[in-house]
Peer 1: 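Here it is: the structure, laid out below.
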Amino acid sequence: MEYNKTLNLPKTKFPMKANLPQKELQIQKVWNELKLYDLIQEKNKNKRKFILHDGPPYANGNIHIGHALNKILKDIIVKYKSMSDFSVPFVPGWDCHGLPIEFQLFKKLGISKNEIERVKFRRKAAEYALKFVKVQREEFKRLGIFADWENPYLTIAHSYESGTIRVFKELVKKGYIYRGLKPVYWCLSCETALAEAEVEYMDHSSPSVFVKFALTEESLSLLGKEKFTFLPSVLIWTTTPWTLPANQALCFHPEFDYAVTHCEVSSDKEDVLIVAKDLLPSLMDKIGVKKYKIIKVLKGKELTGIKCRHPFLEKISVGVVDNFVSLEEGTGVVHIAPGHGQEDYAVGLRNNLPIYSPVDEKGKFTKEVELFSGRNVWECNSEIVEKIKELGNLLYTEEIVHSYPHCWRCKNPVIFRSTEQWFMQVDKNNLRHIVFAESGKVNWIPSAGEKRMKAMVENRPDWCLSRQRYWGIPIPVFYCQGCNEPLLSEEAIEKVEQLFGKEGSDSWFIRKPEEILSPEIKCQKCGKKIFRKEEDILDVWFDSAASSEAVLKENDFLSWPADLYLEGSDQHRGWFQVSLLISCALQNKAPFRSVLTHGFVVDGEGKKMSKSLGNVIAPQEIIKDYGADILRLWVSSENYSEDIRLSDEIVSQSVDTYRRIRNTIRYLSANLSDFNVEQKVPYEELEEIDKWALHKLQKLIGDVICGYQEYQFHRVYKLIHNFCAVELSSFYLDVLKDRLYTFSADSGERKSAQTVMFDILLNIVKLLAPVLSHTCEEVWPYLFQKEKSVFLSDFPLENKESENNGLEEKWEKILKVKGIVTRALEKARGAKIVGNSLEAKIEIYTADADWYQFLQENKNVWTTVFIVSQVNFFNREGSSDAYSDGNLLPLKIVVSFALGKKCVRCWNYSECVWEDSSHPQLCQRCLKVVQNMVSNA
RNA sequence: GGGCCUAUAGCUCAGUUAGUUAGAGCGCACCCCUGAUAAGGGUGAGGUCCUCCGUGCAAAUCGGAGUAGGCCCA
């Protein structure tokens, strides 16, 4: 007789080999057909809401690993919350406007801004963005992300654009919006503003000049009581002499030492110069001074407020301090023209200097600079140098070649030129303080986010909202054709808001002002009724900053504020900050209760991923080779609060972990092929070890829930993996084999094991579903549940009634004994005494009365727990050659080959009577089982 | 250059209020099994807790400096 046919061996159709890349597609197809996302919403519609507001990724290009990480983290939360008593509508979003798209498209079309009509271009840009929305949507769906994919929010949707204008309107109403000057890159030949991405750095030859700014009489006292034979001068260095007419200040570093130095410039010329002390030797060498003497040394901050004469104009330049001043080159004093440089502009703002820029759009000096009026700034460079020399304020000049920004189209050098821009005032209505206070109420995860946000808000300048671009939401402002006064009226903007809601923002460039405005409206200043439209568009950050207003407020099934924003840590500066700013301006309140940030994906060495380093790993590759669940498992395994590493080694670790979990699930299900829920054994009747396993399961459930609630998914990952590998595979399931396989199929003992295995399987599948979504859905049909999907089931709750801490303590001790026995067995295996552990007979010796009693009390479990054929124990000290485990346990173990005969069915050895003539190779236990089967057959 | 963050075994992570010999799982090596089989079990080897200095009776843990890396600015 083939006795293995009488065994209850595992049986399942659930494949060992996952073949995820294919299998996942089938599962996703089923999800689609079920309309699972809708079913989940329907199921949870009356529960309390949890709003995770999606930060819109930029709709250009395929998704990269950072996108995958971000959306998977969100998805884990959405799924966990959806299964745990929350209604979690998740509306994905895309950022569709902005320079990167515009830039890419112009490149693709091979043309520049002036070579295409604006509306025509905008239609192409919209098409381009929508194409990538579709691409990314498919890629996100391929990751197994659940969301309202059919109804995402797009920043180019009419309703969204209208919502953005509404936000602008509210800001105008509350007085946040003003017009001011700001320097931007400007191409003189194209007569246009350029974005940073549109300038290229190329070598350029410029005059390098060292120029004196003489102190005024009144400032001499700042230098102390010294009498000077020569009027001291502050020495600056610049490579853009043409910006000198716009000079407003001289900037010192507050902490640097500045030397007031007497120099013999030449045999007949002497000077007193103020420069950074550390630069003195190289500087004197450069300008050819052989003899010099330091008269006095001052800290930069002591020079604050010093007044100097302009080197060739009748005006005063004032001393200011700033940390950006460096000792790399020059004199340690920086000439500041706030209208002609970014750094200068920032210094200007901090010191309330005029943003002065007397240069027109063709790059010619305006009438304000009489000397050079109407002349091109480049042409004037040399004349300015001549003029300074003439007045004796030039100490040194040479031509230098350096890297300088050029226009990407016409390749000419560009300048910084101030133009009128729209701003949002950060200090209006106490906004900065409100933002600060609201930040303090937000739950930042990790908590350092609060510090980072506050530091940023504290220092940020007003927000420049204007962009001289094509692809964005227009700034809804009209100008009087008569007096050029901007029309900043709530009523007018509301017309635009309504128009965009109907026709979208392209209509701004199609409709005439009179088609938009009501006929009664007139200029508040001069009363004229003819207007022109603003050409500039809004900074793309304004679009996304409006999302909580344009999405959460506009949809009844959502709510405001959001419970959670979850993005990369770069968004402290980006989306979080601008959203906070807008929300506090409009609502005096943060738009989010919690903000969770994750780090960036870096390679195995912790270096950033870049094409040039060749260490980029694409999510598409991982999906193709291993499947989305592997990627999801990797996401869950990493502590995302820091940098997140990814390498081939790390992926293969996820693959290994996946296999272990999958096999454990498969094995559990394979042993449940003849089990159904009606056969469940009541708790009281369970075998003790089964109660122990149930206890462990409940603890696991509690810990895993804790992990999910605190968004610590790597804890979830570790807990479940350890449970599968340690509690289940290496112990419980291994020990159970004898009972499952050899006991009669319907025996209470076997059903007891199956009852618990079923519980374990069902719960593990649910616990893992937010992470291994496809795999858990794949096993779901093997669990005969009423729900059509694991995601329509309820998340487990920790059942404390199935817990028994006393039992756990006792089994901990039993496991310790198993530990020493397996070590003894391993030694015996090495000595070729036994191979398979069932070939072993174990003798345990202990002189310790308590331990002996413990062994005695549990005498029924030992063979099972050790998976050996025989166990004897003795209340006496074992011989010296018996195995002992240091002094960890007062036990000594002797391993010998088991006594008696091996039963061919259960492989246990026994000395029982082998009497049955028809089954002479069966032990008594198996004999009964087999006889039973035969009589039942 | 500035703000924020990180550094524990080959990998992913623990390590509480400073308190025995710094832990887990995986991987690796070796062994067993062949009734979870492109599986399963066992044993074992792996650590300058990034470096240096300091404070403590005592430091992975607290303080300072540095190195390497990340994000954001400049």
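Chain naming here is simple, since letters A, B, ... match the order of the sequence lines and numbering starts at 1 in each.
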Peer 1: Counting any heavy atom closer than 4.0 Å, what does A:W634 reach on the DNA or RNA strands: base, sugar-phosphate only, or nothing?
Peer 2: nothing
Peer 1: Does A:R666 place a side-chain N or O at less than 4.0 Å from the phosphate oxygens OP1/OP2 of B:rU37?
Peer 2: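 So the side-chain polar atoms of A:R666 do come within 4.0 Å of the phosphate oxygens OP1 or OP2 of B:rU37, strictly under.
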Peer 1: Just name whichever nucleotide pairs with B:rA39, Watson-Crick or G-U, keeping both distances under 3.5 Å, else none.
Peer 2: none
Peer 1: Closer than 3.5 angstrom, by distance alone: can the side chain of A:R632 be matched with the main-chain N or O of A:I72 as a donor-acceptor pair?
Peer 2: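 Not a single qualifying donor-acceptor pair exists.
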Peer 1: Is A:K827 near enough to B:rC31 that one of its side-chain N or O atoms lies under 4.0 angstrom from OP1 or OP2?
Peer 2: no
Peer 1: If we call it a pair only when both distances are under 3.5 Å in a Watson-Crick or G-U wobble match, what pairs with B:rU67?
Peer 2: B:rA7
Peer 1: Okay, side chain of A:N351, backbone of A:V347: is any donor-acceptor separation there less than 3.5 Å?
Peer 2: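 Yes; at least one donor-acceptor contact below 3.5 Å.
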Peer 1: Syn or anti for B:rG46? Use the chi torsion, O4'-C1'-N9-C4 for purines and O4'-C1'-N1-C2 for pyrimidines, with syn inside 90° of 0.
Peer 2: syn
Peer 1: Hey, is A:F600 stacking on B:rG70? Ring centres under 5.5 Å, planes under 30°.
Peer 2: no
Peer 1: Does A:Y201 have its ring centroid less than 6.0 Å away from the ring centroid of A:Y404?
Peer 2: no
Peer 1: Pairing check on B:rU16: which nucleotide meets the Watson-Crick or G-U wobble criteria with it, both distances under 3.5 Å?
Peer 2: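 Partner of B:rU16: none.
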Peer 1: Counting heavy atoms from C-beta on, name the nucleotide in B:rU12, B:rA14, B:rG35 closest to the side chain of A:K718.
Peer 2: B:rA14
Peer 1: Syn or anti for B:rG56? Use the chi torsion, O4'-C1'-N9-C4 for purines and O4'-C1'-N1-C2 for pyrimidines, with syn inside 90° of 0.
Peer 2: syn
Peer 1: Hey, does the side chain of A:S569 come within less than 4.0 Å of B:rG70's phosphate (OP1/OP2), counting only N and O?
Peer 2: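 Answer is no, no contact under 4.0 Å.
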Peer 1: Please tell me which of A:R829 and A:Y717 maps to the more 5' nucleotide of RNA chain B, matching each residue to the nucleotide holding its nearest heavy atom.
Peer 2: A:Y717
Peer 1: Heavy atoms from C-beta onward define the side chain here; which of B:rG10, B:rA39, B:rU12 lies closest to that of A:I650?
Peer 2: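 The closest nucleotide is B:rU12.
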Peer 1: Check the phosphate of B:rC5 against A:K451, side-chain N and O only, distance under 4.0 Å to OP1 or OP2. Yes or no?
Peer 2: yes
Peer 1: Could you check which of B:rG42, B:rA36, B:rC33 has an atom nearest any side-chain atom of A:S730?
Peer 2: B:rG42
Peer 1: Among B:rU37, B:rC72, B:rA14, which is the nearest nucleotide to the side chain of A:N639?
Peer 2: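 Closest nucleotide among those given: B:rA14.
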Peer 1: For B:rA36, does the base pair up with any side-chain atom of A:S729 as donor and acceptor (N or O, under 3.5 Å, distance only)?
Peer 2: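 Yes, the side chain and the base share a sub-3.5 Å donor-acceptor pair.
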Peer 1: Mark yes or no for a side-chain to base donor-acceptor pair under 3.5 Å between A:R645 and B:rC11, with no hydrogen or angle criteria applied.
Peer 2: no
Peer 1: Send over the distance from A:H572 NE2 to B:rC71 C1', rounded to a whole Å.
Peer 2: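 Between C1' of B:rC71 and NE2 of A:H572: 10 Å.
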Peer 1: Work out how far the P atom of B:rU21 is from that of B:rG25, and round it to whole angstrom.
Peer 2: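 To the nearest whole Å, 22 Å.
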Peer 1: Under a 3.5 Å cut-off for both distances, is B:rG44 Watson-Crick or wobble paired, and to whom?
Peer 2: B:rC28
Peer 1: State which of B:rG41, B:rC33, B:rC26 makes the closest approach to the side chain of A:N836.
Peer 2: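 For the A:N836 side chain, the nearest candidate turns out to be B:rC33.
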Peer 1: With a 3.5 Å limit on both atom pairs, tell me what B:rC62 is paired to, counting Watson-Crick and G-U wobble, or say none.
Peer 2: B:rG54
Peer 1: Kindly point out which of B:rC4, B:rG44, B:rA74 is positioned nearest to the side chain of A:R823?
Peer 2: B:rG44
Peer 1: For residues 636-644 of chain A, dump all side-chain donor-acceptor pairs below 3.5 Å to protein atoms at least two apart in sequence or in another chain.
Peer 2:
| residue | atom | partner | partner atom | Å |
| --- | --- | --- | --- | --- |
| A:S636 | OG | A:L633 | O | 2.8 |
| A:S637 | OG | A:W634 | O | 2.8 |
| A:E638 | OE2 | A:W634 | NE1 | 3.3 |
| A:N639 | OD1 | A:S641 | N | 3.2 |
| A:N639 | OD1 | A:S641 | OG | 2.9 |
| A:Y640 | OH | A:Y711 | O | 2.6 |

Peer 1: When the distance from CG of A:D648 to P of B:rC11 is rounded to whole Å, what number comes out?
Peer 2: 14 Å
Peer 1: Determine whether A:V442 and A:S594 make a side-chain contact, defined as any pair of heavy atoms from C-beta on separated by less than 4.5 Å.
Peer 2: no
Peer 1: Figure out the CD1/P separation between A:I867 and B:rA36, and round it to whole Å.
Peer 2: 11 Å
Peer 1: Counting only side-chain heavy atoms from C-beta out, which of B:rC72, B:rA36, B:rG70 sits nearest to A:V602?
Peer 2: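 So the side chain of A:V602 is nearest to B:rG70.
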Peer 1: Would you mind telling me which residue lines up with the more 5' stretch of RNA chain B, A:G449 or A:G599, judged by nearest nucleotide?
Peer 2: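 The answer here is A:G449.
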Peer 1: So, does A:S447 use its side chain to make a donor-acceptor pair with the main chain of A:W444 at under 3.5 Å?
Peer 2: no
Peer 1: Is A:E642 touching bases, backbone alone, or none of the nucleic acid, heavy atoms closer than 4.0 Å?
Peer 2: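 Counting heavy atoms under 4.0 Å across all strands, the contact made by A:E642 is with sugar-phosphate only.
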Peer 1: Under 4.0 angstrom, heavy atoms only, what part of the nucleic acid is A:K608 near: base, sugar-phosphate, or nothing?
Peer 2: sugar-phosphate
Peer 1: Using modelled atom types only, decide if a donor and an acceptor are shared between the side chain of A:N615 and the backbone of A:S610 within a distance under 3.5 Å.
Peer 2: yes
Peer 1: Taking CG from A:L646 and C1' from B:rC11, how many angstroms apart are they, rounded to a whole number?
Peer 2: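 Rounding to the nearest Å, CG of A:L646 and C1' of B:rC11 are 12 Å apart.
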Peer 1: Starting at CG of A:D643 and ending at C1' of B:rC71, how long is that distance when rounded to a whole Å?
Peer 2: 8 Å
Peer 1: Please determine, for the side chain of A:A725, which listed nucleotide (B:rC26, B:rU12, B:rA38) has the closest atom?
Peer 2: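 Between B:rC26, B:rU12, B:rA38, the one nearest the side chain of A:A725 would be B:rC26.
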